[in-house]
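Numbers here are sequence positions counted from 1.
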Amino acid sequence: QTIESIRITIGANNLAAKDLNGFSDPYCVVKHDNLELGRTKTKRKTLNPRWIEEISITLPIDEHADKTADLLSNKVNKSHF
């Protein structure tokens with residue numbers, strides 16, 4: 001049994017400002033068993049991002065596998081919130 005697409009509906013509030021302009025450029029990375037499957041589009045100049053996106057993937061369904069989504073910023077050396 002495999003999954004062929006994932007619909008991402010995720011958001012965050014009051015993220016840390018990582019840019020000099022007082023905002024951040026966040027995006028979300030989708031992982032399965034620590035393998036990156038895809039990432040959302042970057043939301044520019046926001047501390048309260050919202051994503052509704054579909055990522056096409058193919059992988060076996062494993063009820064015991066770790067499923068994570070990491071929230072990151074586009075700035076080098078300023079990755080995690």
Side-chain angles (χ1 to χ4, degrees):
Q1 206 174 26
T2 61
I3 298 174
E4 298 205 0
S5 68
I6 293 177
R7 183 177 176 95
I8 302 293
T9 304
I10 192 169
N13 292 316
N14 302 316
L15 296 177
K18 297 291 185 175
D19 297 345
L20 294 175
N21 63 9
F23 293 101
S24 290
D25 299 320
Y27 60 95
C28 187
V29 176
V30 179
K31 293 181 179 181
H32 178 78
D33 275 346
N34 211 29
L35 173 67
E36 184 176 323
L37 302 176
R39 58 181 62 201
T40 63
K41 294 177 183 166
T42 300
K43 298 293 184 175
R44 303 280 179 209
K45 296 182 182 178
T46 183
L47 301 179
N48 302 295
R50 298 283 180 270
W51 295 272
I52 300 175
E53 298 185 26
E54 192 159 317
I55 297 174
S56 295
I57 60 169
T58 302
L59 65 120
I61 295 175
D62 180 355
E63 293 178 19
H64 305 291
D66 291 332
K67 295 158 189 74
T68 64
D70 294 332
L71 187 60
L72 305 169
S73 176
N74 260 349
K75 298 299 174 197
V76 176
N77 298 325
K78 295 183 180 180
S79 298
H80 292 82
F81 290 91

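Heavy atoms only, all atoms of each residue included: Leu47 and Ser24 are closest at CD2-N, 3.8 Å. Of all heavy-atom pairs spanning Tyr27 and Trp51, the tightest one is CA-CZ2, 3.5 Å. Of all heavy-atom pairs between Cys28 and Ile10, the closest is SG-CD1, 4.0 Å.
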Next item on the list: Just do the side chain to side chain contact (heavy atoms under 4.5 Å, CB included) check on Ile55 and Arg39 with the steps written out, would you?
Entry: CA-CA 8 Å; Ile55 297 174; Arg39 58 181 62 201; 5.9 Å; no

Candidate pair Asn13 and Arg50, rule side chain to side chain contact (heavy atoms under 4.5 Å, CB included), full reasoning
CA-CA 9 Å; Asn13 292 316; Arg50 298 283 180 270; 2.7 Å; yes

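A donor-acceptor pair is defined here as one N or O able to donate and one able to accept, closer than 3.5 Å; such a pair exists between the side chain of Thr46 and the backbone of Asn48. Within the 3.5 Å criterion, the main-chain N or O of Lys41 finds a donor-acceptor partner in the side chain of Glu53.
Residues satisfying the side chain to side chain contact (heavy atoms under 4.5 Å, CB included) test with Leu35, not counting sequence neighbours, are Leu37. Residues passing the salt bridge (charged side-chain N to carboxylate O under 4.0 Å, His left out) test with Glu54: none are found, sequence neighbours excluded. The side chain to side chain contact (heavy atoms under 4.5 Å, CB included) check on Lys45 picks up Asn21, Phe23, Asp25, with sequence neighbours excluded.
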